[in-house]
Amino acid sequence: MKRIGILTSGGDAPGMNACIRAAVRSALAHGLTTSGIRRGYTGLAGADAIPLNRAEIRNIIHLGGTILETSRNPDFYTKDGRLQAAAAIEQMGLDGLILIGGEGTFHGASLLAADVDTAALIGVPGSIDNDIYGTDYCIGFDTAANCAVDAIDRIRDTARSHERLFFLEVMGRTSGFLALESSIAGGAEEMVVPEEETSVVWMSERIREGFSIGKKSAIVVVAEGEAPGVSFDLARDIKKHLDVDSRVVVLGHLQRGGPPTLRDRVLGSTLGVAAVEALVDGQSGCMVGEVGGKLVRTPLEETWQKKKSLNEDLRRVFAVLSE
Ligand code: F6P
């Protein structure tokens with residue numbers, strides 16, 4: 001193993017830069033040369049690489065986004081796209097490639113692994129959605145969840161002042177990890193996640209009861225699910241059963257930006273080092289993650305084929321606290 005590449009792909013996540021920095025520093029410590037592949041799989045197919053040395057990774061640990069830029073590229077689901085990438089990997093002389101990204105990235109990487117025999121592929125979970133099997137937390141989740149909690153705190157002030165009901169829509173695609181943890185930390189009255197059925201009548205009744213016993217506000221945290229903007233429909237439906245003034249806030253991409261929290265910097269750094277160690281150990285086709293506080297390696301296929309479930313203890317905690 002002499003030369004490795006690093007790329008970020010899919011949605012950017014705060015802490016990706018901490019991971020890039022850690023991987024480069026670790027690679028240097030192992031005597032490896034590192035290239036940064038720009039713009040994810042799009043850059044990989046075009047062999048768009050820059051050298052990554054100490055100077056390039058200076059003063060980036062505190063930056064959100066990704067200095068390497070990113071893309072969502074469907075070409076990796078086609079044989080031609082993968083063959084082009086395999087040829088580019090050979091052309092760049094890479095013996096190993098670290099891919100920081102989410103489900104789509106690892107789906108692409110596990111298909112790519114079958115067409116690349118010249119380089120080892122190692123994944124690192126980076127996604128604010130936190131929906132990747134094989135790690136308790138993904139890089140970026142903590143920062144995004146803190147952003148949602150900050151939004152809940154701010155909304156609570158105005159909600160109390162006007163005795164209003166607010167729907168706060170958070171990201172998460174098909175999973176409710178962001179919604180669940182931010183609901184607990186923000187003291188939300190109700191939560192809507194794709195993993196659970198929602199009864200509008202039941203929810204309206206609970207909110208009405210809350211106001212009747214003296215509550216001055218109610219916040220419903222809604223996971224975007226398959227259809228961002230879904231909270232507008234929910235607010236409209238609830239209005240049919242509940243006579244309370246309400247508003248909708250969609251957090252959107254605000255959750256993806258900003259400086260990474262301590263947790264995301266530490267996780268990014270830890271997994272960056274772990275990814276290089278996996279390459280040096282001769283591993284390929286796996287993702288490094290942290291489960292129960294321990295570093296683990298999970299086959300790339302499992303990371304997107306297996307469904308990561310919401311933490312049952314946290315679900316119970318929310319249920320008890322929102323009673
Ligand atoms: O996967 C991360 C994520 O932020 C999701 O939560 C969200 O649904 C999606 O990306 C938005 O994608 P885009 O940035 O392409 O609009």
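Counting convention: from 1, in listed order, for ligands and their atoms alike.
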Closest approach of any protein heavy atom to atom 15 (O) of ligand 1, naming residue and atom: R72 NE, 3.0 Å

Return the residue, atom name and 0.1 Å-rounded distance of the protein heavy atom closest to atom 16 (O) of ligand 1. H253 NE2, 3.1 Å

Which protein heavy atom lies closest to atom 9 (C) of ligand 1, and at what distance to 0.1 Å? R173 NH2, 3.6 Å

Return yes when Q255 approaches ligand 1 closer than 4.0 angstrom through a heavy atom, no otherwise. no

So R156 and S217, side-chain contact (heavy atoms from CB on, under 4.5 Å) or not? Walk me through it. CA-CA 7 Å; R156 185 72 76 182; S217 62; 3.1 Å; yes

Which residue owns the protein heavy atom closest to atom 11 (C) of ligand 1, what's the atom, and how far is it? R256 NH1, 3.7 Å

Partner of L7 under side chain to side chain contact (heavy atoms under 4.5 Å, CB included), picked from I100, L99, I98, is L99

May I ask you to check whether S127 has an N/O atom sitting below 3.5 Å from an N/O atom of ligand 1? no

Which residue supplies the protein heavy atom nearest to atom 6 (O) of ligand 1, what is that atom called, and how far is it? D129 OD1, 2.6 Å

What I'd like to find out is whether the side chain of T33 reaches to under 4.5 Å of the side chain of K2, using heavy atoms alone. no

Can a side-chain donor-acceptor contact be found between T261 and D142 if the only test is distance below 3.5 angstrom? yes

Looking only at protein heavy atoms, identify the closest one to atom 8 (O) of ligand 1 and say how far it is in Å. E224 OE2, 2.5 Å

Centroid separation under 6.0 Å, is that true for the rings of Y77 and H107? yes

If the contact criterion is a heavy-atom separation under 4.0 Å, does G172 count as touching ligand 1? yes

Would you mind running through ligand 1 and noting each atom that sits below 4.0 Å from a heavy atom of M171? 4 (O), 6 (O), 7 (C)

Quick one, N53 and L28 - any side-chain contact, counting heavy atoms below 4.5 Å? yes

Which of D131, T105, T135, I132 passes side chain to side chain contact (heavy atoms under 4.5 Å, CB included) with T303? Answer is I132

